[in-house]
Engineer: 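Dropping a structure here in structure tokens format, bear with me for questions.
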Amino acid sequence: MTLRVYNTLTKTKEPFEPVTPGQVGMYLCGPTVYKPSHIGHMVGPVIFDAVKRYLVYSGFKVTFVVNITDVDDKLIKESTARKMTMAALAEEMTGDYQRNLEAMGIDTIDHFPRATQCMGDIVGFIELLITKGFAYASEGDVYFDVARDREYGKLSNRDVASMQGEGGDMAERKRSPADFALWKSAKPGEPSWDSPWGKGRPGWHIECSAMSHKILGETFDIHGGGLDLVFPHHENEIAQSECAHGKPQAKYWMHNGLMQASNEVGKVGGRNTRETEAGDQQAQEAGKMGKSKGASAFSELLQRHAPETIRFFLLSTHYRRPIDFSEARIEEVNTGLEQFYRFFKRYERITGESFYSLPQISKRAEGEFDAGSNPTLAQVALHRQHYLEQMDDDFNTGGAVADLFELVRTMNKFADDEKLEANKPSAEQLATLKQGAKTLRELGGTLGLFRKPVEKPSADGGGNSELADKLMGLIIELRASARSKKDFATADRIREVLTSLNITLEDRPGGTEWTVK
RNA sequence: GGCGCCGUCGCCAAGAGGCUAAGGCAGCGGAUUGCAAAUCCGCCAUCGUGAGUUCGACUCUCACCGGCGCCUCCA
């Protein structure tokens, strides 16, 4: 089995072979930190977090870089509007972004370079491009000379001649409308850095070329980002980096699909429409998600849904597909997820040990096991193998998740058939159950799932849980005594009232369990 | 106008030139249960439309219809 990856550059799936055997350098375009993150900002990090986990699991040593773009026209505009410095705004929003990543359990990122902390590298990079004749200074600005790059357009399959380019007030300083800014001269009052061309700031794309080069070198393995970045951002990055170094910037370009508002056009957090006919402009806008509504802060979303649910939601479809965002969908996915949690509890009831105390297998080879003539384990092995095949095929997380469900079903059936909850399980039965659970933990781990118990985001949780435990213990005791006297009217009355309070009772061989919905 | 993506069960969503077209949610029937809940078993699609290529297509080609993205610093 070999890992295959879809490469936007070649538009095909290719066998994955890193530049340096065994080592992988991976760069993901991070956010421009001018507003709080919304769900769309988490798509890439969650996906590439899973990609890294799977690569590590497959035996690679991975360096994962996510940049922070903390200097940009949008930052200037927003900080001016909020009457604060650009640096303070960037600091605030970077904090928000990183808190969200942390909440989502994304702890695989090794470097978070910030554009403002790499100014020397950026300026040096631009100088190199000028020296090599690929860029020119013009009235304090510096532009990339697109005409000099014969390969320009290869990623997005574009023809330079037909390019419209940026218009606006920079037009007359450029040789060609398709040229893009590497350095922008500062207007009075704007934040700026010194450079050979005067005070100014970097253009949009150069920081990624400079920072990826600084940390990962001239040619690294995976460059990721949202599909919307293919043009112009990644096209321009390729132009800058490859003209500067004379070699490929990245071997594989991976692009994830964008989050879209369900039922509506437009994507979360995106700008509104391009110009359309005046006539249907109205209609179009009406169908679009209100920017504010759909793109609500991610931190708010976290108050309604567990991070693992959001992760599962994002990974339950193939990464290159667009995802329709809707909270109803997230809820639906959560219903499916709960099947796993119920199994974890069941596992604990039977073995007396937490599912989460099982060893977390982090290498593929270590997860292999001999099923012998055990039919349940044979099933487990089969699903494990199928899961890995799915993941090997361009990280098909959507297809892989199906095997996770199959795994749970297999183990539930085993527990049912062998009546593990009613009788004392034998050592052999326990071993089988553990192997199944271990495999589930192993495979889920490659997606960053099932790593630790979920904490429910419910508003009323936490606080008086000790009191609740004691009260429920008493109630369940009273109901049990009623049941033992065949007083089902009382027993059912208790359960009905609890149900109306969103508390579910489950009578099991070992006693009654309660859960809050 | 240019470049590209998508249209699979009620909803979401894998997939693939011939093998039973995964899985989740919802629904129906059954086992289990004092009754439930949970779990298990079973049922539930011929793949937007039309034409072509082929021994054979849902999977390839073309056209059409429908939805979407980028071409203006949005992950």
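A, B, ... follow the sequence lines: proteins, then strands. Residue 1 opens every chain.
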Engineer: Classify Thr515(A) by what it touches in the nucleic acid, base, sugar-phosphate, or nothing, heavy-atom distance under 4.0 Å.
Structural biologist: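 Since no nucleic acid heavy atom lies under 4.0 Å of Thr515(A), the category is nothing.
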Engineer: Show every ring-ring contact (aromatic ring centres under 6.0 Å, His included) that has at least one partner inside residues 326-350 of chain A, sequence neighbours left out.
Structural biologist: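 Residue pairs passing ring-ring contact (aromatic ring centres under 6.0 Å, His included), neighbours aside: Phe340(A)-Phe405(A), Phe340(A)-Phe450(A), Phe344(A)-Phe355(A), Phe344(A)-Tyr356(A), Phe344(A)-Phe450(A).
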Engineer: What residues, two or more places apart in sequence or in another chain, satisfy ring-ring contact (aromatic ring centres under 6.0 Å, His included) together with Trp204(A)?
Structural biologist: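 Applying ring-ring contact (aromatic ring centres under 6.0 Å, His included) to Trp204(A) gives His233(A).
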Engineer: Rounded to the Å, how far apart are Gln379(A) CD and C40(B) P?
Structural biologist: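 Spelled out: CD on Gln379(A) to P on C40(B) is 13 Å.
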Engineer: Rounding to a whole Å, what distance do you find between Glu513(A):CD and U39(B):C1'?
Structural biologist: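 So the two atoms are 13 Å apart, to the nearest Å.
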Engineer: Mind checking if Arg479(A) touches a base, just sugar-phosphate, or nothing, with heavy atoms under 4.0 Å?
Structural biologist: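 The residue Arg479(A) makes base contact.
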Engineer: Atom CZ of Arg508(A) to atom C1' of A37(B): distance rounded to whole Å?
Structural biologist: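 My rounded result for the distance is 8 Å.
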Engineer: Take the angle between the ring planes of Phe180(A) and Phe144(A) and call it parallel below 30°, perpendicular above 60°, tilted in between.
Structural biologist: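 Geometry flag for Phe144(A) against Phe180(A): parallel rings.
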Engineer: Within the side chain of Asp141(A), is there an N or O that forms a donor-acceptor pair under 3.5 Å with the backbone of Ser185(A)?
Structural biologist: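 Checking the backbone N and O of Ser185(A) against the side chain of Asp141(A), a donor-acceptor pair under 3.5 Å is found.
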Engineer: Looking for any heavy atom pair under 4.0 Å, which part of the strands does Gly203(A) touch: base, sugar-phosphate only, or nothing?
Structural biologist: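 No contact.
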Engineer: Which pairs, with at least one residue in residues 41-50 of chain A and sequence neighbours excluded, count as a salt bridge (Lys or Arg N to Asp or Glu O under 4.0 Å)?
Structural biologist: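 Only Asp49(A)-Arg53(A), Asp49(A)-Arg311(A) qualify under salt bridge (Lys or Arg N to Asp or Glu O under 4.0 Å).
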Engineer: Glu477(A): what forms a salt bridge (Lys or Arg N to Asp or Glu O under 4.0 Å) with it, not counting sequence neighbours?
Structural biologist: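 Applying salt bridge (Lys or Arg N to Asp or Glu O under 4.0 Å) to Glu477(A) gives none.
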Engineer: Is the charged tip of Arg483(A) near the ring of Phe488(A): under 6.0 Å from the six-membered ring centre and within 45° of its axis?
Structural biologist: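 Ring-cation test returns no.
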Engineer: Do side-chain atoms of Asn396(A) reach the backbone of Met391(A) as a donor and acceptor pair under 3.5 angstrom?
Structural biologist: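 No: the side chain of Asn396(A) does not pair with the backbone of Met391(A).
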Engineer: Only Watson-Crick and G-U wobble pairs with both distances less than 3.5 Å should count. Give RNA chain B in dot-bracket notation, marking inter-strand partners with |.
Structural biologist: ((((((((.[[[..)..(....]]].(((((.......)))))....[[[[[..)....]]]]])))))))....
Engineer: Starting at atom CD of Glu506(A), determine the distance to atom C1' of G34(B), rounded to an integer number of angstrom.
Structural biologist: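 Going from CD in Glu506(A) over to C1' in G34(B) covers 17 Å.
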Engineer: Lys154(A) has an atom NZ; how far is it from atom P of G4(B), in whole Å?
Structural biologist: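 My rounded result for the distance is 17 Å.
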Engineer: Think Arg158(A) forms a cation-pi with Phe231(A), using NZ or CZ under 6.0 Å from the six-ring centre and within 45 degrees of its axis?
Structural biologist: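 Yes, Arg158(A) and Phe231(A) form such a contact.
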Engineer: Would you say the side chain of Arg342(A) and the base of A38(B) hold a donor-acceptor pair, judged only by whether the two atoms sit under 3.5 Å apart?
Structural biologist: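 Such a pair does not exist between side chain and base.
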Engineer: Please indicate whether Arg508(A) has more than 12 foreign heavy atoms, meaning atoms of other residues, nucleotides or ligands, lying under 6.0 Å from its CZ.
Structural biologist: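 Above 12, so yes.
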Engineer: Nearest-Å distance, OH (Tyr387(A)) to C1' (A14(B))?
Structural biologist: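 Those two atoms, OH and C1', are 14 Å apart.
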Engineer: Looking at the rings of His38(A) and His41(A), which for Trp means the six-membered one, are their centres under 6.0 Å apart?
Structural biologist: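 Between His38(A) and His41(A), the centre distance is under 6.0 Å.
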Engineer: Once side-chain contact (heavy atoms from CB on, under 4.5 Å) is applied, do any residues pair with Pro425(A), and if so which ones, sequence neighbours excluded?
Structural biologist: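 So Pro425(A) forms a side-chain contact (heavy atoms from CB on, under 4.5 Å) with Ile350(A), Leu420(A), Gln429(A), Leu430(A).
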Engineer: State which residues pass salt bridge (Lys or Arg N to Asp or Glu O under 4.0 Å) with Glu406(A); sequence neighbours excluded, sorted by chain then number.
Structural biologist: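 Applying salt bridge (Lys or Arg N to Asp or Glu O under 4.0 Å) to Glu406(A) gives Arg409(A).
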Engineer: Could you walk me through whether His205(A) and His234(A) pass the ring pair (Phe, Tyr, Trp, His ring centres under 6.0 Å) check?
Structural biologist: CA-CA 8 Å; His205(A) 321 291; His234(A) 289 163; 9.3 Å; no
Engineer: Polar pairs (N or O, both sides) under 3.5 Å between protein and nucleotides 43-46 of chain B?
Structural biologist:
none

Engineer: In whole angstrom, give me the gap between the P atoms of C65(B) and G50(B).
Structural biologist: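 One P to the other, the span is 15 Å.
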Engineer: Classify every nucleotide of nucleotides 21-32 of chain B by which part a protein heavy atom approaches to under 4.0 Å, writing B for the base, S for the sugar-phosphate alone and - for neither, in 5'-to-3' order.
Structural biologist: -BSBSS------
Engineer: Glu92(A): which residues meet the salt bridge (Lys or Arg N to Asp or Glu O under 4.0 Å) condition with it, sequence neighbours left out?
Structural biologist: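 So Glu92(A) forms a salt bridge (Lys or Arg N to Asp or Glu O under 4.0 Å) with Arg82(A).
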Engineer: Using a heavy-atom cut-off of under 4.0 Å over every strand shown, decide if Asn157(A) touches base, sugar-phosphate, or nothing.
Structural biologist: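 Sugar-phosphate only.
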Engineer: So Asn412(A), base contact, sugar-phosphate only, or nothing? Heavy-atom distance under 4.0 Å.
Structural biologist: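 Sugar-phosphate contact only - Asn412(A) comes under 4.0 Å of backbone atoms but never of a base.
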Engineer: Find every protein N or O atom lying less than 3.5 Å from an N or O atom of nucleotides 15-17 of chain B, and list the pairs.
Structural biologist:
{"residue": "G15(B)", "atom": "OP1", "partner": "Asn396(A)", "partner atom": "ND2", "Å": "2.9"}

Engineer: Are more than 12 heavy atoms from other residues, nucleotides or ligands located less than 6.0 Å from atom CD of Glu331(A)?
Structural biologist: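 Counting neighbours around CD of Glu331(A), more than 12 heavy atoms of other residues, nucleotides or ligands fall under 6.0 Å, so yes.
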Engineer: Distance check needed: U33(B) C1' versus Leu505(A) CG, whole Å only.
Structural biologist: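 Going from CG in Leu505(A) over to C1' in U33(B) covers 14 Å.
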Engineer: Output a table of nitrogen or oxygen pairs between the protein and nucleotides 5-7 of chain B separated by less than 3.5 Å.
Structural biologist:
{"residue": "C6(B)", "atom": "O3'", "partner": "Arg321(A)", "partner atom": "NH2", "Å": "3.4"}
{"residue": "G7(B)", "atom": "OP1", "partner": "Arg321(A)", "partner atom": "NH2", "Å": "3.3"}

Engineer: Under 4.0 Å, heavy atoms only, any strand: does Arg346(A) hit a base, just the sugar-phosphate, or nothing?
Structural biologist: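 Contact class for Arg346(A): sugar-phosphate only.
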Engineer: Would you check if the side chain of Asn67(A) reaches a backbone N or O of Cys208(A) as a donor-acceptor pair within less than 3.5 Å?
Structural biologist: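 Judged by distance alone, no pair lies under 3.5 Å.
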